[in-house]
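I have placed the structure first, in the form of structure tokens, so that the comments after it can refer back to it.
In what follows, chains are A, B, ... by sequence order, proteins preceding strands, each numbered from 1. The analysis underlying the following values was restricted to heavy atoms, covering all of them including side chains, and did not include hydrogens, waters or symmetry mates.
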There are 4 protein chains.
Amino acid sequence: MHEQDDALLDEGNLNEKEGRILDAACKIFALKGFSATTTNEIAKEAGIAEGTIFRYFKTKKHLLHGLLKQLVHIMADRIAIPPIEKILSQTQGKAIKDILKEVMIDRMALVEKHFPLAKVVLSEAMLHQDIRDIILGKITDRVMPLMGDFIDRMVLEGKIRPMKSHIALRCFVGNTLLLVVQRQLLKDKFPIEDIEQEIDETIDLMLYGFANREKGGI
Amino acid sequence: MHEQDDALLDEGNLNEKEGRILDAACKIFALKGFSATTTNEIAKEAGIAEGTIFRYFKTKKHLLHGLLKQLVHIMADRIAIPPIEKILSQTQGKAIKDILKEVMIDRMALVEKHFPLAKVVLSEAMLHQDIRDIILGKITDRVMPLMGDFIDRMVLEGKIRPMKSHIALRCFVGNTLLLVVQRQLLKDKFPIEDIEQEIDETIDLMLYGFANREKGGI
Amino acid sequence: MHEQDDALLDEGNLNEKEGRILDAACKIFALKGFSATTTNEIAKEAGIAEGTIFRYFKTKKHLLHGLLKQLVHIMADRIAIPPIEKILSQTQGKAIKDILKEVMIDRMALVEKHFPLAKVVLSEAMLHQDIRDIILGKITDRVMPLMGDFIDRMVLEGKIRPMKSHIALRCFVGNTLLLVVQRQLLKDKFPIEDIEQEIDETIDLMLYGFANREKGGI
Amino acid sequence: MHEQDDALLDEGNLNEKEGRILDAACKIFALKGFSATTTNEIAKEAGIAEGTIFRYFKTKKHLLHGLLKQLVHIMADRIAIPPIEKILSQTQGKAIKDILKEVMIDRMALVEKHFPLAKVVLSEAMLHQDIRDIILGKITDRVMPLMGDFIDRMVLEGKIRPMKSHIALRCFVGNTLLLVVQRQLLKDKFPIEDIEQEIDETIDLMLYGFANREKGGI
DNA sequence: TATGAATGAGGCTTCATTCAT
DNA sequence: CATGAATGAAGCCTCATTCAT
């Protein structure tokens, strides 16, 4: 119970108790979902009294929203954006294959590190429009331009052929996401032996496609 | 409330009441998630008394499991498999592009028709191993062989280049899934104007890849 | 606990459980006030489970309103109005002194019988406009016309001198109310030895006033 | 919030903080009743920390008792008694009608000025014997002798006819009280147009009674 | 002395489950 | 077999009170 160390969310603008509560909530929401989690459990996990939760969050729903806002904020502004910005700004002279590999590994690591949170976000987002809006706001503002610009630049540099950036992005995200899901959730039935090789082959497929050029693609 | 017609689940081996309950549960689980749905709501939607639910399902949890089993059974054996089997068995003489398009449209239609159920299944599967196992069992037994064999056959026929079927499958599923999610959940922020063109471009990307061949692919 | 007999409120249009709940609520509200009464206490007093209360009344506040509506309804239509109508319709040949005495005794008995309820009503009415409105609606519709007409008739019959009925009514109600309050709440410090004599003297004062006519009233 | 000026209760023997707390408590108790008022609200209104309340009053209940004692003390000794003593000592040469009018106006003004407090006192007194005792003690000691002596003197002076003082007092208090209640609480349904005329007619009724002397009073 | 964060008992309310009809 | 009133455990939340600062 209530480990203080290694808090994923306790960052700057919120105090120590609030961070502990958010961490605990995140952990148990990820385990059982929002509705099935009790405020009592969260309090025990956070090592505080149940009532204390409600000094920081008016209701359990507010706690969820606060959590999601933190998540989105942190994911986007502190964790997710900077490394990808760095990678995307240091592409000169690199082969597109290596760039994509670097990005995919980085993104996989990111999602896998925060997979519990991701589960909370996704399962709630699936049901509730208001939660989708919190996430989408950030994606629209930060992720789309960043990735879109990158793809457009790659096209300009001649590293990839002309294409609509959102379709390329969807392809890349789809492949990465399913890879993570398989590793995290389906590892018993569909284990991945050599992850690096798996990534290599995935990128190869994305780059060169299914088509059999030698036979003319029919 | 309690429409008897057009029951998605009322199939054969379960009687009329049981089917009505499962239909109602499915509908409301999809809307609000399992924990947030009350048996009272289900009963009202099914047009029966609350107590009657417990004649057919020992607990609410049993109801969920029963529902998921039905869903997986039906999705796999009655709805999902037959059409794809048909498509996959009539590929001779067709271009790979058209085959993929046919499959993608068919799969999208399938998922979109049953999107509410899909949401239930996915959000519960994200949290609970036992539920994942129910689904995965069917996928391992039926879907993987079918799709794997198809890809292998395409390779043999020279329509696609040699590749590992599970990677190709992941790519195809990833693209299709995100396309559906975008259409269903993100339509406000990321609308898709012309779905057929979107599919065409997605398949084109899958077939021929990102790479700019003319420039040598670097 | 939970006596079924002698229910003050269990009248016709509400079923047995609902009546038991209202009776219990009435008893404890009168003892401790609305806010200080717990739904748990009410349930114990009514001899039912706490949850059952909420099958009949959405919230504790709704229970209070239901109670007040019943009280006002019963007080006005079943208990309060009929006897006074009877008295007021049989005044021919009687001295005004005897009529007033009859009315006062009847009204005192009525209020004293329902004094616990009266306390609930008054203490809530003091604080909340919405509750005052429930009561006043009935008074405006039923009590005022009845008493006003009576006073006007007495004036016409020459039994009392011309006067505004609402002032006479206020005087009569004020005297009666304080008499009841003294008997019920102040009996330790200001006991009333002979209630009939007290009533006689009160009516004598109302009829003939303070003024000393023999000295010219100055 | 927390105006320091014009404190009703901050008088002499209690220090500034204590006075602020009592003032705030009084204001909010009057608005919402004792149980429905939170110590947090009181603290905010008083402009102090919640914990500070408990330096001055052991519990919330003690705060109520302290408040009531202050109220009764101030009402009786500082506010209520002196003016009435003055009026009652300057009656020579005045008509009884004018004396009563003067007293009634003075008492109405007094009650109306302190109506919020009066509501607290009354609603709590209705429920709790111990609170009634605090009030009645003061009334027995100070008010009754004062008013009783005045009435007896009026009788001796021949200004009113011989009567028991407590009955006359009850009549006067009843009329005055209901007049205030009507003005304060029932103004929407039973408005009073011309208050001075209303008082005149009420006093006239008290002085000369209902009886129609010309017809012989039958 | 004053603070206000923290507490935790206890309030109101929900809801899966039971059972007499 | 079907019902739905009743149950009571348990959830969310409030708030008087305490105590370290």
Quick one: label [X] by what it contacts on the DNA or RNA (base, sugar-phosphate, nothing), any heavy atom closer than 4.0 Å.
X	answer
D:Thr38	sugar-phosphate
B:Thr37	sugar-phosphate
C:Phe57	nothing

Report summary line: Assert: residue with more 5' nearest nucleotide on DNA chain F, out of A:Thr59 and B:Ala49, is B:Ala49
Requested in this report: Report the residue (C:Tyr56 or A:Phe54) whose heavy-atom-nearest nucleotide on DNA chain F is the more 5′ of the two.
Outcome: C:Tyr56
Report summary line: Applying the 3.5 Å cut-off to both distances, the Watson-Crick or G-U partner of F:dT21 turns out to be E:dA2
Requested in this report: Sort out the partner of F:dC15 for me: Watson-Crick or G-U wobble, both distances under 3.5 Å, none otherwise.
Outcome: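 Pairing partner, where one exists within any strand: E:dG8.
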Requested in this report: Take A:Val120 and A:Phe34 through the side-chain contact (heavy atoms from CB on, under 4.5 Å) test and state the conclusion after the steps.
Outcome: CA-CA 8 Å; A:Val120 190; A:Phe34 173 73; over 6 Å; no
Requested in this report: Between B:Phe34 and D:Arg55, name the one whose nearest nucleotide on DNA chain E is closer to the 5' end.
Outcome: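 Comparing both residues, the 5'-ward one is D:Arg55.
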Report task. Can you tell me the distance, in whole Å, between the CD1 atom of C:Ile21 and the C1' atom of E:dC12? Result -> 15 Å
Query - Short N-O contact, C:Arg132 and C:Glu124, less than 4.0 angstrom - result: no
Query raised in the report: Are any of the side-chain nitrogens in A:Glu41 or A:Lys32 under 4.0 Å away from the carboxylate oxygens of its partner?
Result: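 Counted as a salt bridge, because a side-chain N and a carboxylate O are separated by less than 4.0 Å.
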Report task. Would you confirm whether A:Ser123, through its side chain, and A:Lys119, through its main-chain N or O, come within 3.5 Å as a donor-acceptor pair? Result ->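 Side chain of A:Ser123 to backbone of A:Lys119: a pair is present.
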